[in-house]
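Taking it in order: structure first as structure tokens, then the write-up.
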There are 2 protein chains.
Amino acid sequence: EAGTTAPAQSGVASWYGPGFHGRRTANGERFNTHALTAAHRSLPFGTQVRVTNKSNGRSVVVRINDRGPFVGGRVIDLSNASARAIGVSGVAKVSLARL
Amino acid sequence: EAGTTAPAQSGVASWYGPGFHGRRTANGERFNTHALTAAHRSLPFGTQVRVTNKSNGRSVVVRINDRGPFVGGRVIDLSNASARAIGVSGVAKVSLARL
């Protein structure tokens, strides 16, 4: 993705709520909420990133070991062709079955 | 993730807005909005999934080739330790610099 080669990226940081500790991250590790790690949508796993809080200037270096942040409740993001095939023009309640 | 072994999953489907066509998906393909593909947060790339629209019963089989759906504007999801290190208790505006 083009954004991964830019020197800096700005936006909103969120954090994992309770209940994720011990679950598998996208790279197969056990998530440890006490470790300095984070989820990013595209940076390679293992990348070190300095995260600076714009409101107070504090920063921390984290290691990317997961993918996210994801939208709560949304289970799939369809291509235009896939959406049209089932009559989805905005969002829709769906069920998924792995084949 | 435990959910990937379940026979079915329900929730909300969204679809890629304009502007993604031709960009790289998480598995390195060029995104083709005219193909029957979709993004899922954890299913292996290449998995075939039947997606059924609960409002009209129509279904389509898609191939997972990307990760998502992501939250717009959110750039990183921090562990509790990472969030505390920079004074984030809810969400916060941050800048990221790859090291």
Side-chain angles (χ1 to χ4, degrees), chain A residues 1 7-16 23-24 26 32-43 47-56 58-62 67-71 73-83 85-88 91-99, chain B residues 1 7-16 23-24 26 32-43 47-56 58-62 67-71 73-83 85-88 91-99:
Chain A
E1 188 181 292
Q9 180 182 24
S10 289
V12 172
S14 47
W15 62 282
Y16 289 79
R23 290 171 68 170
R24 294 279 180 196
N32 176 0
T33 195
H34 308 299
L36 296 178
T37 59
H40 187 276
R41 64 183 70 188
S42 58
L43 285 171
T47 301
Q48 305 276 323
V49 178
R50 180 174 295 280
V51 184
T52 303
N53 185 339
K54 289 187 174 183
S55 71
N56 60 20
R58 289 163 65 182
S59 73
V60 64
V61 175
V62 302
R67 293 288 172 235
F70 294 111
V71 187
R74 294 217 186 156
V75 296
I76 199 162
D77 210 10
L78 301 167
S79 70
N80 190 273
S82 305
I86 59 172
V88 173
V91 296
K93 288 184 182 174
V94 296
S95 64
L96 308 183
R98 188 175 173 171
L99 304 182
Chain B
E1 188 180 292
Q9 179 183 24
S10 288
V12 172
S14 47
W15 61 283
Y16 289 79
R23 290 171 68 169
R24 294 277 179 197
N32 178 359
T33 196
H34 309 299
L36 296 177
T37 59
H40 187 276
R41 64 183 69 189
S42 57
L43 284 170
T47 302
Q48 304 277 324
V49 177
R50 181 174 295 280
V51 184
T52 304
N53 185 341
K54 289 187 172 182
S55 71
N56 59 20
R58 289 164 63 184
S59 72
V60 63
V61 175
V62 301
R67 293 290 171 232
F70 294 109
V71 187
R74 294 217 187 158
V75 296
I76 200 162
D77 212 8
L78 302 167
S79 70
N80 190 273
S82 305
I86 58 171
V88 174
V91 296
K93 288 185 182 172
V94 296
S95 63
L96 308 183
R98 187 174 174 174
L99 303 182

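So that the names make sense, note that chain A is the first sequence line, chain B the second, and so on, each numbered from 1.
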Using a cut-off of under 4.5 Å on heavy-atom pairs, state which of [options] scores highest against chain B.
options                   : answer
A:Thr33, A:Val91, A:Val49 : A:Thr33
A:Ala81, A:Pro69, A:Ser82 : A:Pro69
A:Ser10, A:Ser59, A:Ala13 : A:Ala13
A:Ala83, A:Ser55, A:Gly87 : A:Gly87

- Message: Give me the atom names and distance for the closest heavy-atom approach of A:Val71 to B:Arg41.
- Response: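 In this case the closest contact between A:Val71 and B:Arg41 is O-NH2, 3.0 Å.
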- Please name the pair of heavy atoms, one in A:His40 and one in B:Leu96, separated by the smallest distance, quoted to 0.1 Å.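 For A:His40 and B:Leu96, the tightest heavy-atom pair comes out as CD2-CD1, 3.9 Å.
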- Determine the option with the most heavy-atom pairs under 4.5 angstrom with chain A, choosing from B:Asn56, B:Val88, B:Thr37.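 Most heavy-atom pairs under 4.5 Å with chain A: B:Thr37.
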- Item | Top contributor to chain A interface from B:Val60, B:Asn32, B:Ile86, B:Asn80 [non-hydrogen pairs under 4.5 Å] |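 Winner by heavy-atom pair count: B:Ile86.
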- Message: Counting C-beta onward and ignoring hydrogens, is there a side-chain heavy-atom pair between B:Ile76 and A:Gln9 closer than 4.5 Å?
- Response: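 Of all side-chain heavy-atom pairs linking A:Gln9 with B:Ile76, none is under 4.5 Å.
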- Is it the backbone or the side chain of B:Val62 that comes under 4.5 Å from a heavy atom of chain A, or both, or neither?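 Contact with chain A is through the side chain of B:Val62 alone.
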- By a 4.5 Å heavy-atom criterion (distance strictly below it), what part of A:Thr47 contacts chain B: side chain, backbone, both, or neither?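 Contact with chain B: side chain only.
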- Which atoms of A:Ala26 come close to chain B, meaning under 4.5 Å heavy atom to heavy atom: side chain ones, backbone ones, both, or neither?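 Interface part for A:Ala26: neither.
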